[in-house]
Amino acid sequence: MIEASVGAVPGLVPAFVITTLLLAVPVGLVTKSRGHSVVQPMLFTTALAGVLTVTLMPGFRGAEASGACDRGLPGTAFLASESAQLNVLLFVPLCFLAVLLFRRPVLVLAGTVLLTSGIELAQGICPWAARAATTTSRRMPWAASSA
């Protein structure tokens, strides 16, 4: 998944580093000034930066760049989609670290729903994202040969 994302989006690694520095440095400074350990907040912030960078960086313009939102596959059929499974796996480290940090699983679930909804909304309305909101993102170039 990492190799596919890096290959599909030029400039992803530098954007990730910059986003991580912009988010993690202030979080680390605030956490340290309060006398707490900075490890968990920094790991959580790094995971958040990764999710935001991968999902909001402009990629190759494909069929989904039409500006219309894709309603996806009906019912639970989307779970069989490789792309949907990769999208879910993208949020696993973030959610795991959030539960460790905040110790409130229900709050983390609510935050994850809000985050994913916000990302889909941003992908649908931000022209710089060059994406449309979709429940099953387009297939990555490495997976095109199997289609």
Side-chain angles (χ1 to χ4, degrees), residues 1-32 36-73 76-102 104-105 107-147:
M1 181 167 65
I2 293 171
E3 182 180 327
S5 295
V6 170
V9 182
L12 182 68
V13 173
F16 168 69
V17 170
I18 291 168
T19 305
T20 300
L21 288 175
L22 288 174
L23 295 176
V25 169
V27 166
L29 291 173
V30 169
T31 304
K32 188 169 183 156
H36 300 295
S37 171
V38 297
V39 175
Q40 285 183 342
M42 296 288 277
L43 287 173
F44 170 74
T45 305
T46 302
L48 179 62
V51 168
L52 293 175
T53 305
V54 168
T55 56
L56 296 178
M57 279 284 294
F60 293 127
R61 285 183 161 267
E64 91 242 4
S66 65
C69 292
D70 177 14
R71 291 180 37 214
L73 300 171
T76 58
F78 77 94
L79 293 175
S81 164
E82 177 186 14
S83 179
Q85 292 169 358
L86 291 175
N87 284 338
V88 169
L89 286 175
L90 179 66
F91 285 88
V92 169
L94 180 67
C95 295
F96 175 74
L97 291 167
V99 169
L100 287 178
L101 180 62
F102 300 115
R104 301 200 187 283
L107 180 64
V108 169
L109 177 62
T112 303
V113 169
L114 289 174
L115 178 63
T116 57
S117 300
I119 288 171
E120 293 297 330
L121 181 64
Q123 287 177 341
I125 64 173
C126 294
W128 51 264
R131 299 176 183 221
T134 176
T135 56
T136 56
S137 298
R138 71 177 158 67
R139 292 176 97 31
M140 293 296 190
W142 58 269
S145 62
S146 65

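Numbering starts at 1 and runs along the sequence shown. Given the structure is predicted, the values throughout are model-derived calculations rather than measurements. Every heavy atom of this structure was used, including side-chain atoms; hydrogens, water molecules and symmetry mates were not.
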Closest approach of [X] to [Y] (non-hydrogen atoms, all atoms of both residues):
| X | Y | value |
| --- | --- | --- |
| A49 | T20 | CB-OG1, 3.4 Å |
| A98 | F44 | CB-CE1, 3.6 Å |
| G28 | V38 | O-CG1, 3.6 Å |
| P26 | L21 | CD-O, 3.9 Å |

Using a cut-off of 6.0 Å, state whether more than 12 heavy atoms not belonging to F102 lie near its atom CZ.
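Enclosed: over 12 neighbouring heavy atoms sit under 6.0 Å from CZ of F102.
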Any side-chain heavy-atom pair of [X] and [Y] under 4.5 Å:
| X | Y | answer |
| --- | --- | --- |
| L43 | L100 | no |
| L101 | V108 | no |
| L115 | L52 | yes |

To the nearest 0.5 Å, what is the distance between CG on L107 and OG1 on T112?
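Those atoms lie 9.0 Å apart.
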Can you measure from OG1 (T19) to CE (M57) and round to the nearest 0.5 angstrom?
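Here the interatomic distance stands at 8.0 Å.
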Apply side chain to side chain contact (heavy atoms under 4.5 Å, CB included) to A47 and list each qualifying residue two or more places apart in sequence or on a separate chain.
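Scan of A47 (side chain to side chain contact (heavy atoms under 4.5 Å, CB included), adjacent residues dropped) gives L94, L97.
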